Each structure stands twice: as structure tokens, then as C-alpha cells.
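Structure first, commentary second.
Residue numbers start at 1 and run along the sequence shown. Values in this document were obtained by computation on a predicted structure and should not be read as measured data.
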Amino acid sequence: MNSAFFLVLRRMRAPIILLIVIYGIAVIGLTLVPGVDADGKPAAPLSFFHAFYFISYTATTIGFGEIPNAFSDAQRLWVTICIYLTVVGWSYSVVTLIALLQDKGFQNTLTTNRFARRVRRLKEPFYLISGCGETGNLICRSFDHIGQAFVVLEKDELRVQELDLQDFKTDTPALAADARQPDNLLLAGLTHPKCRGVLAVTNDEEANLAIAIAVRLLNPAIPVIARARTPSVKANMASFGTDHIISPYERFAEQLALAVTAPERFRLIELLTSLPETPIPEPHRPPAGHWILCGYGRFGHALAERLQQTGIRLTIIDPGAPDADCSIVGDGTEASTLRQAGIATASGIIAGSDNDVNNLSIAVTASELKPSLFVVTRQNHAANSALFQAYGADFTMVPSRIVAQEAIAILTTPLLARFLAALDSQDESWSRALVERLQALCDGRTPTLWGSRLNASEAPAAWQALMHERTIRLGDLLRDGTERSRPLAAVVLLIERNEACHLLPDAEFKLLAGDQLLLASPLDARRNLELTLQNANELDYVLSGRESSGSWLWQRLSGTKST
């Protein structure tokens, strides 16, 4: 507020001085010009108080009359001069004030002050999102859907204005500022006690690197998730101890390779890492054999490295293709190039250039030449979603969605990484059974993954019951808090106890204080179970069927005694 106040004083200095001078001259003049009394005889001039009072309501065009008596002609002449002087002074002041209110610098100062004030007043844990492009917008929508507070820094002012127009449940603090500047990160709450982490997901990986370094130096206690594309930037981020570095190209290459070698496990991972409560994606079953890869940039290199490890034979089409037997110079949009690459015997094709129009052209041409071909497309911009949906590729890679999914999974469910690591020891039938169980939970939507620790802060009712040696079995806990005869639509994927992990515990599993649970459920089931874990009366009803408000008055009225 100090900066806005002093900016007003600096811009309004000349008008204010002019008004003071005009008022001073007018008031002093009236105290010197003689007046007349009620009989028309000469009288003393106005007192200083009456002169100031008269000029105050006259100069502001309010009008009242001549006081305490009618003025003399000399006084009226002087008042006439003062009226024109004050009108000019006020006009100059008002015009200057309007220009100040329209000044971009002043508006930015007010916006920044209001933003900083809102961030300081945050009382719940929040995440700082740097960058609100396609990736950041997906993260914001997902956080808003699950009720997670967040703060946004975005360099593009238009994107911040678009964010204000979206139908968020809460009024999110957002500022148009460069997140590479440490001062802006501090304004956004980097050192706020409720800040739980930072997401550097701008389209500029150098900016993401600068943000990651700033977080590590200014608040090393909180995690930072950064988006990167090139190996050099990834290595630089890793050297500063960045907690999680997400490269969408490498992640998709890993996913596609896993879909080839272990489709059921890939399907399970896809369900668990998708954005919560979005439509369940169609299953992907890419075949092995011979594939054609169109585009050999960073994305193409990552795909080639992973797919060749699975035994897939690749033919590369690229304008700058390497000089090798399995490489063809071209872009893949012509049918002749695809025939030369052996599309007649190919099992799949990847349209992986950095041009969405070319990728669609490659996919359409390939499908016409061989309708049974498994087609993978790369969608570079979310604005082209309608075109890619209209085509309907077997598998579409959207970088912004991959980064958003992984970032949300990392932040909201820390135990998910341990669960995914445990999948390596499970076979395909185990993964298939769990997929069917999860798909039945949410009626065609992806489940919400969340975690809860049975301690005094996250689950006070359950923790207190366990500390008093009350036995709580997992199956008894997973009951609807409104009607305990109904099982809750939730699956406990993992329970961590003293660094030991219990995968898919059964209904008879006995819980202990301090256990950490990883669950998959619809959002309403999550809220239901959270209330059970936090409210002693709700927990008692779920476990035993007893209904009691716990209050002395209710016990007297109902004739019951609290247990």
C-alpha cells in the first residue's frame, strides 16, 4: 500500500499544491474585502472561519448563499474571480486523477498489493503454480475440483484474465508477473508457512530452471516440480536438487513401451495417474512388430530408444533422417513415402512431428493406406483437441496433459510412487483384476487418488480411538457415514506402516495409529470417509451403529449416555 500511496502523492502533487494556493488566495481575499451590514452600511470583512466556510461550499459547486449577511459588490466581484479560479483548479485535479487511475503502472501496483494481501491471508495449505498455459490450466482445474487451494503466477496478462473468467469454486489469487523474478515468487507466498510446494510448468524450460533454483535457495524445505525437455536443463535442475523433473516426451515413450509389453499394468497406471473424475480413457493395445516413426526430434529420439528395447523394428521418416537403412528422408504426409517405409507390413505408425497439421495429415494418409494400422499421434497444442478427437487416433500424446497428470499425482498422493514401484512384482492378471475393480467404482469416471495418515491432525477421531486401544478393521471403516449398511465406494491400494508396505489389504486388516493409507474413490466417497476419520460421532456410528451427538443436552433429551 505504501507504493500506491506515494504514487498518488507524486502524481497529484501539482494539482494539490495548485488547489491549496487557490483556496489560500480566495480565503485571504475575503478576509480583506470589506462587506456591508443589513442596513447597507459598511461592515468589517468576513472572519477567517466564515471565509473558509464560504469558499469550501462555493468552490465545490455546492452553493448555499451569502453568509452571514448579503455581500457587498466588492465581495461579489472577488467571489466571481475565485469561482473561476477554483473551477480551473478542480478541473485540473480531476483530470489528473482520472489519468492516474488509468495509468498502467498504478493499476499494476494496486493489483499487486491486492494479490499480496490475499496470499498473506491464506489459512489453508496451498501450492504455487508458475505458468498458467495449457498445463497450468489443467492443474488449476483439477486442484479446484478436489478442493485444493493454489496461487498462480503467469507472465501473460491475458491468460490471467482468462483464469478469472473460468468457473472456479473459489476466488483464486492470480498475478500477471514473471515467476523467474524471486521477488514475485515471494509475493506469491514462496515463504508462506502454508505453502506446500511449487510447480514450475511454464512453456519456457529456462524459466522453469530459474524458478527451481530460486525455490531451492529461498525455501528448500518445500518440494518443487519442474517441467523440462532437453537433457542439459534436466541435468542442471537435478544438480540443484529439484524434487521431481517431468519430461513429457520421455514419459510418453515409457508409457507406449509399457503398453506394448504389459498392457494390463499400463492400463492400471493410466487409471491411477489420470486427472481425477475425468472420463475413463479407452484401453490401448499397441501391437509389436514393425512400426513407422514420422519425426525424429527430441520426441522421436525418446520413442525410438524405448520402443527398440521392446523388440519393435522402427523405420524413421524425417526431413533430416540419419543415414541408415531404416531411415527415409521426408515428412510422412505423402503416400509414396509411407509405402517406401513399408506401411503394407507395418503394425503401427507414430505421427510425432512438432506440427499438428502434419501429424493429422500423416495419420489420415496412413489410415487410408492401411485401415488396420495402430495410429499414435502427437498433439502439440490443446486448441487442436477438436481435430484430434474428430480423427480418433488409437493413442494420442498431449504433453500438457502428461505433465499435469504426473504433477497432481506426485503432490496429492505421495504414496503412489511406492505403489507403482510394487507393481513390477505383480503379473498381468493381478493388474487386470484391479483395473476392473477400479472401473466399477466411479461409473465411467477415473477415481480420485488421495492419502490419509491416522494421526491427530489428519484423522483425529480414528487416531484417538486407536490410541484408546479400540480395534478398527479396514472393512468396518469403509462404510457409508449416512447409512452404515452400505459399503463405501473406495479401494485401499496401500497401507504404509513403519516403512513397510501392505498392498491391497483385505477387510480384516487391523489398523494402527500412524498408518498411512493410499485410497482410490469417487470424490463424494472421499469426503464421506474424511468426515468419518475426523468426527468421533460419525466414526462411532460407522463402527457400532450408535447415533449420538456427543453433547450433554442431546444425551439428556434422548435419554442416552455417551460411550
Side-chain angles (χ1 to χ4, degrees), residues 122-127 141-150 168-170 194 196-197 272 275-278 408-416 419 437-438 441-443 445-468 470-497 502 504-505 507 509-550:
L122 286 173
K123 302 299 182 184
E124 57 183 325
F126 67 90
Y127 291 100
R141 284 189 169 276
S142 298
F143 276 166
D144 181 71
H145 183 68
I146 64 177
Q148 173 61 60
F150 58 94
F168 286 154
K169 299 174 185 176
T170 58
K194 294 294 184 179
R196 291 295 179 264
L272 296 177
L275 298 177
E277 299 211 330
T278 54
I408 291 172
I410 290 170
L411 292 176
T412 59
T413 51
L415 280 181
L416 180 59
F419 178 80
R437 190 177 172 188
L438 291 174
L441 278 181
C442 303
D443 191 25
R445 315 289 287 184
T446 56
T448 298
L449 257 68
W450 57 287
S452 180
R453 185 180 290 276
L454 302 183
N455 57 19
S457 58
E458 296 183 33
W463 176 79
Q464 188 173 20
L466 292 169
M467 292 300 291
H468 286 83
R470 184 173 186 178
T471 300
I472 301 179
R473 291 180 174 84
L474 187 59
D476 296 333
L477 184 66
L478 298 181
R479 291 280 169 182
D480 193 327
T482 59
E483 178 49 64
R484 67 182 300 271
S485 61
R486 291 197 301 260
L488 207 58
V491 174
V492 178
L493 302 173
L494 182 76
I495 294 181
E496 183 185 61
R497 177 184 295 171
H502 302 271
L504 290 183
F509 187 91
K510 294 182 180 180
L511 299 171
L512 296 179
D515 285 351
Q516 188 169 2
L517 284 66
L518 174 65
L519 304 101
S521 71
L523 191 59
D524 57 348
R526 170 182 177 173
R527 291 167 178 161
N528 191 315
L529 184 54
E530 284 179 334
L531 180 60
T532 300
L533 295 172
Q534 296 170 5
N535 187 282
N537 299 317
E538 188 87 1
L539 178 66
D540 192 46
Y541 167 71
V542 167
L543 296 179
S544 64
R546 290 190 296 267
E547 296 186 57
S548 172
S549 72

Nearest atoms (heavy-atom pairs only) where [X] meets [Y]:
X	Y	result
I146	P276	CG2-CG, 3.9 Å
E538	T482	OE2-N, 4.3 Å
L504	V491	CD2-CG1, 4.2 Å
A409	T413	O-OG1, 2.6 Å
T278	L275	OG1-O, 2.7 Å
A525	A489	CB-O, 3.6 Å

Side chains of [X] and [Y]: closer than 4.5 Å at any heavy-atom pair?
X	Y	result
E277	P522	yes
L478	V542	no
L122	K194	no
R526	L519	no
L272	F419	yes

Could you state the interatomic distance from [atom1] ([X]) to [atom2] ([Y]), rounded to the nearest 0.5 Å?
X	Y	atom1	atom2	answer
Q148	T170	CD	OG1	10.0 Å
L494	L517	CG	CG	8.5 Å
L518	L493	CG	CG	4.5 Å
D480	L529	CG	CG	10.5 Å
M467	L512	CE	CG	11.0 Å
L488	L441	CG	CG	9.5 Å

* Assign the ring pair F143 / F150 to parallel, tilted or perpendicular, where the plane angle (0 to 90°) is split at 30° and 60°. =>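 F143 and F150: tilted rings.
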
* Evaluate whether atom NZ of K169 has more than 12 neighbouring non-hydrogen atoms of other residues, nucleotides or ligands under 6.0 angstrom away. =>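 Above 12, so yes.
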
* Apply side chain to side chain contact (heavy atoms under 4.5 Å, CB included) to D540 and R470, showing your working. => CA-CA 11 Å; D540 192 46; R470 184 173 186 178; 3.2 Å; yes

With [X] via salt bridge (Lys or Arg N to Asp or Glu O under 4.0 Å) - residues at least two apart:
X	result
D476	none
R437	none
R141	D167

* To do: Go through the steps to decide whether L415 and E496 satisfy the test side chain to side chain contact (heavy atoms under 4.5 Å, CB included), and finish with yes or no.
  => CA-CA 8 Å; L415 280 181; E496 183 185 61; 3.8 Å; yes

* To do: Would you mind listing every salt bridge (Lys or Arg N to Asp or Glu O under 4.0 Å) that reaches into residues 513-522, with sequence neighbours excluded?
  =>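 Listed by first then second residue: R497-D515.
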
* **Evaluation steps, side chain to side chain contact (heavy atoms under 4.5 Å, CB included), between L539 and L477** => CA-CA 8 Å; L539 178 66; L477 184 66; 3.8 Å; yes

* To do: Tell me, please, which residues at least two apart from E483 pass side-chain contact (heavy atoms from CB on, under 4.5 Å).
  =>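 E483 satisfies side-chain contact (heavy atoms from CB on, under 4.5 Å) with S485, R486, Y541 only.
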
Exercise answer: donor-acceptor pairs, residues 448-455 side-chain atoms, under 3.5 Å, sequence neighbours excluded:
unit_1	atom_1	unit_2	atom_2	d
W450	NE1	S521	OG	3.0
R453	NH1	G514	O	3.1
R453	NH2	Q516	OE1	2.3
N455	OD1	S457	N	3.3
N455	OD1	S457	OG	3.2
N455	OD1	E458	N	2.9

